[in-house]
Each structure stands twice: as C-alpha cells, then as structure tokens.
Student: 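This structure is in structure tokens; I'll ask about it shortly.
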Amino acid sequence: MSSTRLGVPLRSPGRARLVSATSATSSQTAPSSPLGSAAPAPSRAGSGASAPRTLHALVRARTPDALSAPAGSPSKRILAPSTRVHVLPDKLGQAHIDALRQLVAHLGALNVVRSSHTASVAVSLDYATVVLSEIRAPKRAERALGDEAESRGVPVLHHSWLTACLEAGIQVPHEAYQIYPRLTAPAASASASASASASALKRAASNEPASPRRHPEKILRLEESGTEEEQEQDEAYAALRGGYASAEEEEGGYGSHEEGTLPVMVPRGIDKGKGRALDVDASPSRRASASPTPPPHVVAYEGAVPAWQNSANACFRPTPIRSMFNQPLVDELEVIRVSRVLFEKNGARDQHNSAAYGRAISAIKAYPHPLAKDPKKAKEIAGVGAKIYKAVLQFYELGYVAEARAIRGDQSHAIMKSFLDFYGVGPAGARKAYQQGARSLQDLCSLGGSYSDRLGREECLRILPDLLHRIPRRECEFIAELIHDEFEKIHPGMKYTICGGYRRGKATSGDVDVVLAPDPEKAPVGDLKSLKHQTRLLHQVLEALKKKAVMTHIVSVAQPSEYYGEAIVPHCDIAEIVVLPPSLPGAGADATKRPRYRRVDIILTRAEVYGATVLGWTGSKQFEKDIRRQARQQGYKFHSTGLVRLEQPGVTLDTPQEQDIFELLGVPYMPPHLRNCDA
DNA sequence: GGGCGGTACTG
DNA sequence: CAGTAC
DNA sequence: GCCC
C-alpha cells in the first residue's frame with residue numbers, strides 16, 4: 001500500500017465526495033473531484049460539459065487548495081501535516097467542537113468539515129484519516145459512524161489523544177485512545193510497546209539494518225523495488241562482460257573500534273600511510289578495459305580517512321551508503337522528511353523544516369555508534385534538537401515513530417509522493433494534482449500542462465516506466481563511454497568522470513552524470529577557451545548522438561551566462577537528455593532484454609575548474625548543501641562552476657582537482673564513497 | 001530572531 | 001514571481 | 001526544526 005505501481009490507480013475513482021478539508025472552524029467547502037472516466041480534465045472539456053456549472057466547479061473556485069495547510073499556519077508541527085481530522089459532533093457542544101478544531105489546526109493537522117447541505121458521516125470518512133469523539137463505547141461509535149465505517153478503516157479516537165500529543169510535544173500512538181474499531185487486546189498499548197522495544201533492542205544488538213517488525217510490508221517493498229530487479233539486471237551485464245555479480249552488500253564501512261574512543265574510519269584492506277587518496281573514479285579510461293569496474297565495496301582508497309566529527313556540517317562526517325548502526329532509525333525519520341517536503345511551502349518556514357530533518361538524518365546516519373544501546377546519546381548529536389530527539393526516544397521505546405507510522409498508512413501521501421517521479425512535478429504540483437482528483441500517474445498526465453518544452457507529458461508518461469528503473473554500474477559506464485567517444489571524434493583529448501551516485505559507490509543509479517573537460521595532459525588547455533567553442537562542441541555531440549539514435553530526447557540545455565559581476569566566469573554547459581543505449585556488445589544472444597530509456601546529464605566544463613565541477617556533481621545532496629555552507633563560513637562562495645572568494649567575486653580560483661577545494665575550505669578530503677549523507 | 005545551497009529555466 | 005531541476 |  002505504500003508504493004505505487006505505474007499505471008495502477010491506488011484507489012478506484014469513486015463517486016463525488018462533497019467534503020471539505022479546511023482549517024479550524026472555517027466552514028467553506030471544497031470537493032476533491034473524482035477523475036475516473038468522466039474526469040473533468042481541464043484540457044479536454046469535450047463532451048456535454050459546455051460549462052460545468054456543477055457544484056464542484058463553483059465550490060472549487062472558492063477554495064483553491066483544500067489540502068494545503070490553513071492560512072493561519074499552525075503554531076506547532078506535532079501531527080503529520082497530512083492528518084485529516086473529523087470531529088464527531090455527538091455529545092459535544094459547539095464550543096467544544098470549535099476548541100478541538102482549533103487544537104487540530106494548532107497541532108498542524110487539517111479539519112474535515114462537512115458541507116452543510118450534503119453530508120453524511122460516511123462521506124466525511126472518505127476524507128478523514130482519523131475521527132475524534134467524546135463517545136467511549138465502541139458500539140455507540142459504530143452506530144454514529146454508519147455502515148461504511150468499517151470498510152474505511154478510519155479509527156475513532158477519544159479526543160484526549162490531541163491533548164496527549166500536545167503535552168508530549170510529539171505525535172503519540174493512538175492505540176490507547178482508540179474506541180473503534182475495538183482493539184482485540186486491550187492491553188495493547190502496554191504490551192505491544194514492550195515487545196516492540198524488545199525487538200528494537202534485539203535488532204540493534206545484532207546490528208541488523210533490517211525491518212522493524214511492525215511494518216514488514218514497507219520494508220519488503222523497499223527491498224524488492226530497490227534491488228531485486230536491478231540486481232538481476234546487473235548480473236546480466238556482469239555476465240556479458242565477465243565481471244562481478246552484484247551488488248547491494250555492505251559498502252563503505254567503519255573499522256572496528258574500541259570502547260570509549262571515537263572510532264576512526266579505516267579504509268578496507270590496504271596499508272595506509274602512503275600516498276594520497278586514490279580517486280575512485282572508476283571510469284575506465286579506455287574502452288579496451290576488458291576488466292570491469294570492481295564492485296564498490298571492493299574499491300579501496302589510500303591515505304588517511306577522516307575520523308567522525310560531531311559537526312553540524314555533513315562534509316566533515318564520513319558517511320557510508322548505509323549506516324552500520326542506525327539505518328532503521330534513519331529510514332523512519334526519512335519518512336517524516338519526505339512528508340515535510342510534500343507539504344512544504346505552507347508558510348515560508350516549512351521548507352526549512354524538511355531541511356532540518358535532512359540535516360538531522362544525515363548526522364544520525366554518520367553517527368558511528370548504535371543509538372539503540374543508549375538513545376539518550378542522540379541529544380548530543382549536532383543537528384538533533386529537542387523535537388527530533390523525542391522522535392528518536394519514541395523509536396527505541398516503541399519500535400516506530402508515531403508520526404512516521406501515520407504517514408505510511410496514508411494513501412494520499414503515497415499517491416502524492418509517486419507524483420514526484422514525474423518530470424517537472426514537485427511538491428506544489430503533486431498537491432494540486434491530488435486536490436484536483438488525480439490518483440494515478442495517468443490521471444496526472446491527463447491533467448495536462450507541460451513542464452518542459454521539449455519533453456511533453458505524454459512522452460514523459462510513456463518512458464517513465466523505464467526511467468524509474470535504476471541503472472546498474474556497468475551500464476553507467478557503457479553510456480558514459482558512448483558519450484565520451486563522440487566527444488573524442490570531434491574534439492580529441494577529453495577526460496571524463498562519471499559522478500553522482502555512481503561515483504559515491506552505489507550499486508545502481510537513477511541517472512548518469514558525466515562530467516567532461518579537455519585533458520591538459522592530452523591537448524593544449526587553451527583549445528576550448530571560448531564559450532562559443534565549448535557550446536558548439538556540446539551541440540555537435542548532441543547532434544551526433546541524435547543521428548545515431550542514442551539520444552532520444554533533449555530535456556533541456558542550459559545556456560550559461562558569460563558574466564559574473566564584471567568578470568568572465570568559466571562556466572559549464574549542461575545538457576539534460578534521455579538516451580536509449582544500444583544493447584551491449586555481445587548481447588545478441590539475449591535479445592529478450594530490450595534496452596531502457598535512461599536519463600543522462602552531460603556536463604562540459606574546463607580543466608581549470610574540473611575539481612569544482614566534479615565535486616559539485618558528485619553529491620550527495622546534503623553533502624553539497626553543507627560544503628557550500630562551509631564555503632560561506634570560510635569566506636568563499638562555491639558552486640559547480642568554481643570557487644570564488646567573497647571579496648573578489650569574478651575571480652574564480654583554479655581548482656583542477658577536488659582536493660584543491662577541500663584544502664582551501666579546510667575540510668579533510670572526503671572520498672566519494674563516504675559522501676552518502678542522504679538517507 | 002535570522003538564516004538555511006546556489007543557479008538557471010519555464011510558465 | 002512561483003515552481004522545479006540539477 | 002535547529003544552530004548561531
């Protein structure tokens with residue numbers, strides 16, 4: 001239930017729902033219009049609807065966005081922002097109802113308010129995620145709910161749940177307040193949490209990153225969609241080129257450490273001390289390299305690896321692909337972060353709310369001890385404050401974070417999240433589409449509106465199933481070689497690095513980021529000195545790729561601005577494209593596997609700033625944010641086209657290598673495999 | 001209480 | 001200017 | 001939401 005398959009609507013489009021979700025005591029109405037076959041898709045208002053003078057249309061006009069947070073924004077974010085509360089009026093005076101609704105809004109959730117004319121409880125339940133009541137008898141609650149209550153699965157809670165959340169300063173589990181459906185084991189809250197905590201401890205002790213027992217469904221999904229298929233595919237590639245069989249094993253690890261001391265990162269299987277870090281670029285320089293790129297966990301680097309630091313900046317903290325100690329907690333908090341992203345933009349402070357979760361998550365991911373052993377230690381981690389500390393405690397007490405669990409159970413959240421896969425659809429677009437009744441990616445597509453002039457929505461939908469598949473390392477290399485070859489034909493002497501997740505050692509990537517520049521060791525540097533030459537080269541290569549039918553779509557090509565302040569700035573040319581790579585050499589026998597469309601970013605830069613560009617395109621996202629903050633603190637401005645001193649903007653420093661930037665910023669060099677600072 | 005990554009493009 | 005992508 |  002937590003993930004969407006492309007093309008399968010998560011919920012069948014139902015009948016009209018005449019219910020509003022509004023803030024506090026407001027009594028506006030706003031329907032969530034059904035789509036289905038009779039979808040009122042704005043673009044093709046063909047059939048009988050000359051002017052849909054329906055109630056929907058009128059009402060929608062008045063409340064543009066029923067799902068966004070109330071105008072008077074909440075004073076606290078305690079309930080999941082997607083929480084929609086229906087207050088049962090029975091036995092409650094109007095004043096009491098109003099007070100409860102105010103509290104709901106105060107805690108950051110939404111009220112579901114019936115429109116005065118239509119209104120059955122059942123219809124309200126279609127929208128609510130939770131019902132509050134003064135009633136304590138399950139039988140009576142059932143009667144008040146009407147027939148459909150059971151099928152909706154919306155629980156009825158005693159309203160004191162709200163005040164309990166307020167007091168705790170964090171959303172609390174609702175089982176102890178649940179009236180209907182009656183919980184089979186009344187002792188649930190006590191014993192369940194006890195056993196959950198036991199299992200959490202067991203998990204931590206055995207160092208399993210595995211799933212909390214409470215949510216087997218979610219974890220299964222992740223494991224399946226994350227690796228299984230790609231693994232199979234990766235093995236296919238490996239077989240073709242006689243290489244390694246993948247993939248998702250433990251990667252980038254901590255060395256063992258003694259009690260009481262901070263563990264120091266130790267690179268695997270190498271004698272340290274000599275030489276500087278060996279770049280793990282793994283891009284085989286020549287096609288001739290019959291030997292495949294070694295799997296990421298075997299790649300070694302030399303030189304000292306920086307020890308963990310309790311820094312607010314992720315760029316100081318070695319962070320492997322998965323935390324060896326606290327990954328389950330990281331995954332749990334990530335659920336909350338994503339929900340904050342989906343609801344960000346309500347009042348200007350929400351964007352920074354999700355960012356704060358991102359920083360805390362990254363700090364916990366890098367923390368080199370199991371927090372399960374002593375959750376109180378979380379308080380000391382820079383980036384974990386009062387609120388997230390409470391969530392950590394809750395996680396180890398109950399085995400889950402109540403807000404995260406609520407979010408996982410919320411269909412609307414899952415649907416909107418799936419909308420983010422669509423190119424050009426972000427949080428605002430996802431919310432809007434959902435509010436207009438979209439429940440599947442097809443629905444989203446038929447709502448129309450194109451976000452890229454060159455990649456229309458229809459086309460986006462057609463190739464989306466391919467784009468959602470992650471790309472095995474071997475194919476990343478294959479694609480990068482194709483592109484590099486085209487550059488070589490037109491302008492010999494180019495070097496390149498595959499950046500992004502690939503460079504950070506991930507077994508599979510969402511896209512391929514190829515950074516190229518003239519190689520000073522092969523050709524004169526001045527060769528491509530003018531912007532025009534550079535841009536022309538890129539377009540020639542794109543043309544060639546198009547002719548070969550390797551490139552199928554141009555998503556966008558960035559037009560770099562030539563000036564920064566008064567000075568000419570070295571810049572990158574960036575092409576975002578879609579390719580359909582030919583089958584690998586030797587794949588003829590296995591013709592059953594058609595190639596997939598892949599997203600590729602080509603970044604053409606200059607040798608003088610190659611280090612900055614590679615650093616800027618390697619990620620992870622959190623690492624990028626924090627290295628920029630670090631740059632600011634040190635009086636620099638960093639971006640992927642170079643590093644400049646704040647005092648002399650326009651003078652871009654030469655940074656041919658990544659190490660140059662680390663040195664200038666006073667950050668110990670962090671190997672790419674330890675920059676995995678996102679969840 | 002201010003600030004949070006920084007830039008380019010599209011509608 | 002808002003929204004989105006990198 | 002968290003840090004300075």
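Below, chains carry the letters A, B, ... as their sequence lines are ordered, and counting in each starts from 1.
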Student: Taking any heavy-atom pair under 4.0 Å as a contact, classify A:Ala558: base, sugar-phosphate, or nothing.
Tutor: sugar-phosphate

Student: Hey, what's the ring geometry for A:Phe623 with A:Phe662, parallel, tilted or perpendicular (30° and 60° as the breaks)?
Tutor: tilted

Student: I'd like the P distance from D:dC4 over to B:dG5, given in whole Å.
Tutor: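 Rounded to whole Å, the distance is 14 Å.
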
Student: If I take atom CG in residue A:Leu615 and atom C1' in nucleotide B:dG5, what distance separates them, rounded to the nearest angstrom?
Tutor: 13 Å

Student: Rounded off to whole Å, could you give me the NZ-to-P distance for the A:Lys625 and B:dC4 pair?
Tutor: 12 Å

Student: Which residues pass the side chain to side chain contact (heavy atoms under 4.5 Å, CB included) test with A:Ala80, not counting sequence neighbours?
Tutor: A:Ser82, A:Thr83, A:Gln171, A:Glu403, A:Ile407

Student: Report the distance from atom CD1 of A:Ile602 to atom C1' of C:dA5, rounded to the nearest whole Å.
Tutor: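 Distance check: A:Ile602 CD1 to C:dA5 C1' gives 17 Å.
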
Student: What base-paired stems does DNA chain D take part in, with at least 3 consecutive Watson-Crick or G-U wobble pairs and both distances under 3.5 Å?
Tutor: B:1-4 with D:1-4

Student: Is A:Lys637 close enough to B:dT7 that one of its side-chain N or O atoms is under 4.0 Å from OP1 or OP2 there?
Tutor: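 Yes, within the criterion.
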
Student: Could you pull out all residues at least two apart from A:Asp513 that satisfy salt bridge (charged side-chain N to carboxylate O under 4.0 Å, His left out)?
Tutor: none

Student: Would A:Arg470 and A:Glu475 count as a salt bridge (charged side-chain N to carboxylate O under 4.0 Å, His left out) here? Give the steps.
Tutor: CA-CA 10 Å; A:Arg470 299 187 56 83; A:Glu475 194 181 342; over 6 Å; no

Student: For A:Arg462, what residues pass the salt bridge (charged side-chain N to carboxylate O under 4.0 Å, His left out) criterion, not counting sequence neighbours?
Tutor: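 Expected list: A:Glu459.
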
Student: Please list each protein N or O that sits under 3.5 Å from an N or O in nucleotides 2-4 of chain D, with the distance.
Tutor:
unit_1	atom_1	unit_2	atom_2	d
D:dC2	OP1	A:Gly385	N	3.1
D:dC2	OP1	A:Gly385	O	3.3
D:dC2	OP1	A:Lys387	N	3.4
D:dC2	OP1	A:Ile388	N	2.7
D:dC2	OP2	A:Lys387	N	3.3
D:dC2	O5'	A:Gly385	N	3.3
D:dC3	OP1	A:Gly383	N	2.8

Student: When all nucleic acid strands are considered with a 4.0 Å heavy-atom cut-off, which category describes A:Arg599: base, sugar-phosphate, or nothing?
Tutor: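 Sugar-phosphate contact only.
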
Student: Measure from CZ on A:Phe623 to C1' on B:dG5 and round the result to the nearest Å.
Tutor: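 Computing the A:Phe623:CZ to B:dG5:C1' distance gives 13 Å.
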
Student: What is the separation between atom NZ on A:Lys621 and atom P on C:dC6, rounded to the nearest whole Å?
Tutor: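 One finds 9 Å between P of C:dC6 and NZ of A:Lys621, rounded.
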
Student: Rounding to a whole Å, what distance do you find between A:Leu420:CG and C:dC6:P?
Tutor: 12 Å

Student: Whether A:Arg632 contacts B:dC4 is assessed here as follows: a side-chain N or O lying under 4.0 Å from the phosphate OP1 or OP2. Is that the case?
Tutor: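 It does not, given that no N or O in the side chain of A:Arg632 lies less than 4.0 Å from OP1 or OP2 of B:dC4.
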
Student: I need the CG-C1' distance between A:Leu467 and C:dC6, as an integer number of Å.
Tutor: 16 Å

Student: List in chain and number order the residues that pass salt bridge (charged side-chain N to carboxylate O under 4.0 Å, His left out) with A:Lys377, two or more places apart in sequence or in another chain; answer none if no residue qualifies.
Tutor: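 Listed in chain order: A:Asp374.
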
Student: With sugar-phosphate meaning primed atoms plus P, OP1 and OP2, does A:Asp601 contact a base, only sugar-phosphate, or nothing at under 4.0 Å between heavy atoms?
Tutor: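 Sugar-phosphate, backbone atoms only, no base.
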
Student: As an exercise, state the distance from CG of A:Leu643 to CD1 of A:Ile661, rounded to the nearest 0.5 Å.
Tutor: 6.0 Å

Student: Without decimals, in angstroms, what is the distance between A:Lys432 NZ and C:dA2 P?
Tutor: 15 Å

Student: In terms of side-chain geometry, is the basic nitrogen of A:Asp626 or A:Arg359 positioned less than 4.0 Å from the acidic oxygen of its partner?
Tutor: no

Student: Give a yes or no on whether the backbone of A:His469 and the side-chain of A:Arg598 come within a donor-acceptor separation of less than 3.5 Å.
Tutor: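 Answer holds: yes.
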
Student: Can you work out whether A:Val557 or A:Ala355 has the more 5'-proximal nearest nucleotide on DNA chain B?
Tutor: A:Ala355

Student: Assess A:Arg405 against A:Phe395: is NZ or CZ under 6.0 Å from the centre of the six-membered ring, and within 45 degrees of the ring's axis?
Tutor: no

